[in-house]
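Everything on this sheet refers to the single structure shown next.
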Amino acid sequence: MTARVTHGSRIGPIIAIAALLALAAAPWWTDRQGLRLLGEIYAYAALASLWNLLAGYAGLVTVGQQAFVGLGAYTLFGLALLAGVNPLWGIPAAGLIAAIAAVPVAALTFRLRGAYFAIGTWVVAEVFRLGAAQFSALGGGSGTSLPASVLAAIGNRAAREQLFYWLALALAAATILAILLLLRSRHGLALAAIRDNETAARANGIEVDRTRLAVFVIAAAGTAMIGALIFLQKLRISPDAAFSVNDWTALVIFIAVIGGIGRVEGPLLGTALFFLLRESLSQLGSLYLLVLGAVAIAVMLLAPRGLWGLLADRLGWQLFPLARRLEPRSSAPPVPAATTPAREASP
Amino acid sequence: MTSSADPILALAGIRKRFGAVVVADGIDLAVRHGEALGILGPNGAGKTTLFGMVTGNVRPDAGTVTFESRDVTALSPARRCRLGMARSFQVPQPFSGLTVFENLVTAAAFGAGEHESATYDRCAEILERCGLLPLANSRAGTLRLLDRKRLELARALATKPRLLLLDEVAGGLTERECETLVTLIRDLRNTGMTVVWIEHVLHALTAVADRVVVLHGGRLIAEGTATEVVRHPAVAEVYMGIPMDA
Ligand SMILES: Nc1ncnc2c1ncn2[C@@H]1O[C@H](COP(=O)(O)OP(=O)(O)O)[C@@H](O)[C@H]1O
Ligand SMILES: [Mg+2]
């Protein structure tokens, strides 16, 4: 028998490339404020995609990713202010430092399971925040700013804003593409296997702990690079802002939950919904947070697999199909076509 | 060096207890290359736990496990699988979010260390042999129990084992399905695979096993051909009043 294996529809890449081209041209169709908002959206799409990789695929439900956002931001500021490094180089450096830091963090927190792991990651992030507050060369607890002399190395204000915009878009696109490629590779199978049944994964030759560690390190690097870029755009850093559990974890989890955990498309839809809510409800003041909470609860009750999960279940939608479909070409009996499932967590 | 005279699997002085329950009380067992060994024993005797200690899911309190002349007692289950042993789980443990085909591809890519695209044909063939081809693209979590059991066997085969450990795969099969299974396992043996089979369905075991051991009270209380073993006085005593298929 000769097996032919396909991934199904090719609509996702076409939509993605079209969207990417349109967004890359944004400096020509929106103003500075629009670019800033879009940049923020990309950052959240990437952060939520990385959190989804951890929680939805590697089974690592962390509430401590702000540790790596902050570490990345502080790496960039530290290198720029103390060593005179061009801030743009601070972004890959942030990824590298976070990847290295992720190893001991994993060694510490991976002993914990479930809720204890979540709390452990939070505690580690708090320790990072307290450590940053002790760092007087970068302003201690009140933080510091990037002076104009450092920024001059990048270009004038207009050129900088455009560059930051494209960087945010490129970083988010690269993050999501990397996640897709990872999930489509054999390692994606391993992650799904671990998520579904750890015992069986081990019994079938998968090194569960090593795989989890690799994902944790990759996610830390991505998260830190995004964090570095976010604070490069803000030009100001402080421990409370850089290691904020609200901004870099609570909102990110909100996005992943309403969009759908365990699917690549979920965090993207979730990000779009979150910013729609935020932009249309911002005049409500603190009531807006109540609305967000109510939306999260409603989605969890009515669509426990998130809104993308609901769409995919009802309509069979899949932008980025991951499943390998077997289509034998020989005299073997045909494989029924209608049963292709999305790669998803079992209920 | 491994010579074929050495056993493929050797257990020496294996001990294991869960609290007051002793499930292995110094078990010694050697399985020859290419042999088909049956394991009998009442429910709760510790048969599944014994498999767990062979594959590394369960850590023995004492004793060693030797696979192909190599002490694997300290190795991880994943490592032992890659060395060439595979098991089916008595209670099926599918990768439920993956398709049936992907369950096999995963096992082949990691358990057998094959390049993913190089495994497709072999995985499709295994599915065909195990009667799962029509379900290849179904999510494993949607399978009914019998198909899940088939998947256990198919996925174990995808890891290309030289030692195959089967834990009650025949229970619940119809007469014809059981015959198909027996034929499949015989075919596997003819390719040189060593099979250790825990089974309550005695006639299936009789049709395949060269040798049967009986586990009870943490010890192997009888050994011989299937017919010899069931006539063994100690076995008769153990099974007196204890239904074989309970
Ligand atoms: N992880 C465990 N913790 C405690 N007791 C266990 C565990 N696994 C098995 N047992 C007990 O060990 C005994 C043997 O179980 P098992 O190996 O499943 O027997 P069998 O497969 O022969 O029916 C049973 O009494 C069972 O309850
Ligand atoms: Mg058992």
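So that the names make sense, note that chain A is the first sequence line, chain B the second, and so on, each numbered from 1.
Heavy atoms only, all atoms of each residue included: A:Gly205 and B:Cys81 are closest at N-SG, 3.6 Å.
Contacts with chain A were tallied for B:His115, B:Arg155, B:Met85, B:Glu152; B:Arg155 has the most, counting heavy-atom pairs under 4.5 Å.
At a 4.5 Å heavy-atom cutoff, the contact between B:Ala109 and chain A is made by backbone and side-chain atoms alike. Heavy-atom distances place no part of B:Thr55 under 4.5 Å from chain A, backbone and side chain included. With a 4.5 angstrom heavy-atom cutoff, B:Phe89 touches chain A only via side-chain atoms. Using a 4.5 Å cut-off between heavy atoms, B:Leu83 does not touch chain A at all. For B:Pro94, the part sitting under 4.5 Å from any heavy atom of chain A is the backbone (N, CA, C, O) and nothing else.
Here the straight-line distance linking atom CG of A:Leu322 with atom OG1 of B:Thr99 works out to 11.5 Å at 0.5 Å rounding. For the atom pair CD of B:Gln93 and OG1 of A:Thr199, the computed distance is 6.0 Å after rounding to the nearest 0.5 Å. Atom CZ of residue B:Phe95 and atom CG of residue A:Leu191 lie 12.0 Å apart, to the nearest 0.5 angstrom. Note that the CD atom of A:Glu327 and the CZ atom of B:Phe101 stand 10.5 Å from one another [nearest 0.5 Å]. To the nearest 0.5 angstrom, A:Arg186 atom CZ is 11.0 Å from B:Ser117 atom OG.
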- Task: Apply side chain to side chain contact (heavy atoms under 4.5 Å, CB included) to B:Arg82 and A:Glu207, showing your working.
- Result: CA-CA 10 Å; B:Arg82 293 199 300 271; A:Glu207 293 291 350; 3.0 Å; yes
- Could you go step by step and tell me if A:Leu326 and B:Leu127 meet the side chain to side chain contact (heavy atoms under 4.5 Å, CB included) rule? CA-CA 11 Å; A:Leu326 175 65; B:Leu127 285 179; 4.2 Å; yes
- Going through the distances and angles, do B:Thr106 and A:Asn204 end up as a side chain to side chain contact (heavy atoms under 4.5 Å, CB included)? CA-CA 8 Å; B:Thr106 308; A:Asn204 282 281; over 6 Å; no
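A donor-acceptor distance shorter than 3.5 angstrom exists from the side chain of A:Asp196 to the backbone of B:Gly97, with no hydrogens or angles considered.
Using a 4.0 Å cut-off between charged side-chain N and carboxylate O, A:Arg324 and B:Glu102 make a salt bridge.
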